[in-house]
Amino acid sequence: MTMALDREAARALDAADPLRGKRAGFALPDGVIYLNGNSLGAAPLSAAARVGRLVRDEWARDLIGSWNVHDWIGAPQRLGARIARLIGAEADEVAIADSTSVNLYKLLVAACTARPGRKTILSEPGNFPTDLYIAQGVAATLGDRTVRTVEIDRLCDAIDTDTAVVLLTHVHYKSGHMLDMAAITAAAHAQGALVLWDLSHSVGALPVDLNGCAADLAVGCGYKYLNGGPGAPAFLYVARRLQAELVSPLTGWMGHDAPFAFGDDYVPATGIARFLCGTPPILAMAALEEGLAQFDDVSFDDILAKSRTLGDHFIAMVEARCAGHDLELISPRDAARRGSHVSFAHPEAYALCQALIARGVVGDFRAPDAIRFGFTPLYTSFEDIWNAVEILARVLDERAWDRSEYRVRAAVT
């Protein structure tokens, strides 16, 4: 069992942390302990300068010529190749495009179409809502498909010859439970089904091995652990073996084989480019590229080790300091089955979260009763989590959350 840290032990772990130098590359406000990088990553200090240079030295000076001179046109594949090394893919299997939701739609329709005669999109109840909503929209659009949800411990047995595609999130957004990608993918393939993985809560915080797991399809966002900024462009992965078989339902001009021939009829591009659609958002991609650059000189062994150790110590400290206050761990205790956030249930989770934010500890609330604490290995320190738990304990001991202003629900929770 992991022992709860004291402050000096936390500082010693920070001093020995091989990633300790990365923190200086991020804008982290004084007086704030930021444990919400699993919702929105902190800003790399280089992002503002990079976007400024793009506006000043590329857009303002070279105007439309920048599509060629500065290779704006190649940004979706260039940034996709940078993400590929983070998710165990080849450079030509990943592209930056659209949002996670749009990419889910494109790949779900393509997967269903590639499995004619199979009627079921299979997922788990409680999957991230946009995944289920998009799946329901795809089923309604195609007209003869059904979305079926099965509890995760029975899901592999539920995959059958009517399953077209299995849609799952690698790390659950609320509990942090990490699924066995290799085993589930193998179970789906044994029945002839495809699998589409949502990597939004794992990419950048945990090693992912899509090719090693023989994965088919994946999507993920750019604004959480990749630190690409609010609304950053998302990415999609299509295994090379499937690229010629699958066709995107959004047949936009950037996915055309010859977009600047301006022909009337759509001809899909070869390779990953066929899953592009509209004009890439270059300013947003510049910020995302700076987020991705933060991983250039780090080891994913170090990232994984720190993520697990942060989570283990946080759980131990909360349970030691906050016992008797109705906190219930809902994340896996086993670090090998957990992503890079830890969630506790509490009857007054929303008010508790607001009380913590008012005291500089930024986590977030997920309905109905979960409070999440995210650990971004590049910039979360062990002293951060020690301080956060001390503040949490005081808030609970003093019932500081029991104030009317902390119960007022904001638009974003």
Side-chain angles (χ1 to χ4, degrees), residues 1-24 26 28-42 171 174-176 178 201 204-206 224-225 227 298 302-323 325 327-336 338-346 349 352-353 355-366 370-397 400-401:
M1 178 180 292
T2 301
M3 299 297 293
L5 292 177
D6 59 28
R7 184 188 293 276
E8 291 310 310
R11 288 175 173 171
L13 284 172
D14 285 332
D17 176 15
L19 299 173
R20 64 187 180 278
K22 302 303 296 183
R23 182 182 174 99
F26 290 89
L28 296 166
D30 291 340
V32 171
I33 301 170
Y34 192 61
L35 303 181
N36 208 3
N38 53 313
S39 283
L40 175 65
V171 171
K174 187 182 295 184
S175 70
M178 182 168 60
H201 283 88
L206 304 166
K224 298 183 190 296
Y225 296 111
N227 308 300
V298 300
D302 292 337
I303 285 179
L304 177 61
K306 185 176 178 183
S307 169
R308 289 179 172 178
T309 306
L310 284 165
D312 286 345
H313 282 300
F314 186 81
I315 292 169
M317 286 188 290
V318 169
E319 293 184 337
R321 288 285 287 112
C322 305
H325 286 294
L327 285 173
E328 177 188 355
L329 179 67
I330 59 176
S331 296
R333 192 174 297 278
D334 179 0
R338 189 180 66 231
S340 205
H341 64 269
V342 168
S343 298
F344 286 88
H346 188 273
L352 178 57
C353 185
L356 288 171
I357 291 171
R359 289 157 179 79
V361 178
V362 182
D364 66 6
F365 164 80
R366 288 295 176 260
I371 182 167
R372 300 191 308 179
F373 302 92
F375 313 118
T376 303
L378 294 184
Y379 55 76
T380 304
S381 72
F382 289 93
E383 190 167 9
D384 280 341
I385 64 169
W386 189 90
N387 287 327
V389 174
E390 288 298 302
I391 294 169
L392 173 61
R394 288 200 299 273
V395 167
L396 290 167
D397 288 342
W401 51 265

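Please read all numbers here as calculations on a predicted model, not as lab measurements.
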Could you grab the distance from atom CD1 of Ile330 to atom NE2 of His346, nearest 0.5 Å is fine?
12.5 Å
Over 60° means perpendicular and under 30° means parallel, so tell me whether Phe382 and His313 are parallel, tilted or perpendicular.
perpendicular
Given side chains that start at C-beta, do those of Phe375 and Leu35 come closer than 4.5 Å, heavy atoms only?
yes
Is the number of heavy atoms from other residues, nucleotides or ligands within 6.0 Å of CZ (Arg23) greater than 12?
yes
For the side chain of Arg20 and the backbone of Asp14, is there at least one donor-acceptor N/O pair under 3.5 Å apart?
no
Would you sort out whether Leu396 and Leu352 count as a side-chain contact (heavy atoms from CB on, under 4.5 Å), showing the intermediate values?
CA-CA 8 Å; Leu396 290 167; Leu352 178 57; 4.0 Å; yes
Any donor-acceptor pair under 3.5 Å from Ser175 side chain to Ser331 backbone
no
At what distance, to the nearest 0.5 angstrom, does CG of Leu392 lie from CZ of Arg359?
11.0 Å
Minimum heavy-atom separation for Ala388 and Val361, please, with both atom names.
CB-CG1, 4.0 Å
Short side-chain to backbone donor-acceptor contact, His325 and Val395, under 3.5 Å:
no
Between Phe344 and Leu329, is the side-chain contact (heavy atoms from CB on, under 4.5 Å) condition met? List the steps.
CA-CA 4 Å; Phe344 286 88; Leu329 179 67; 3.8 Å; yes
Can a donor-acceptor pair be found, under 3.5 Å and without considering hydrogens, that links the side chain of Tyr379 to the backbone of Ala42?
yes
Could you measure the distance from the CG atom of Leu206 to the CZ atom of Arg338? Nearest 0.5 Å is fine.
10.0 Å
May I ask you to decide if Leu310's main-chain N or O and Asp312's side chain share a donor-acceptor pair within less than 3.5 Å?
no
Interatomic distance, CG@Asn36 vs NZ@Lys224, rounded to 0.5 Å, equals 8.5 Å
Passing option when Phe373 is tested against Leu356, Asn38, Val318 for side chain to side chain contact (heavy atoms under 4.5 Å, CB included)
Leu356
Heavy-atom pair with the smallest gap, counting every atom of Leu19 and Pro377
CD1-O, 3.8 Å
Nearest heavy-atom pair of Ile315 and Pro332: which atoms, and what distance?
CD1-O, 4.3 Å
Can you give me the closest heavy-atom contact between Asp384 and Ile33, atom names plus distance?
O-CG2, 3.6 Å
Calculate, to the nearest 0.5 Å, the distance between atoms CZ and OG1 belonging to Phe314 and Thr380 respectively.
10.5 Å
Under 3.5 Å, is there a donor-acceptor pair between the Arg7 and Asn387 side chains?
yes
Option passing side chain to side chain contact (heavy atoms under 4.5 Å, CB included) with Lys306 (candidates Thr376, Leu13, Asp17, Leu378)
Asp17
What is the minimum heavy-atom distance between Lys174 and His341, and which atoms define it?
O-NE2, 3.7 Å
Where do Arg366 and Arg372 come nearest, in terms of heavy atoms and distance?
NH2-NH2, 3.3 Å
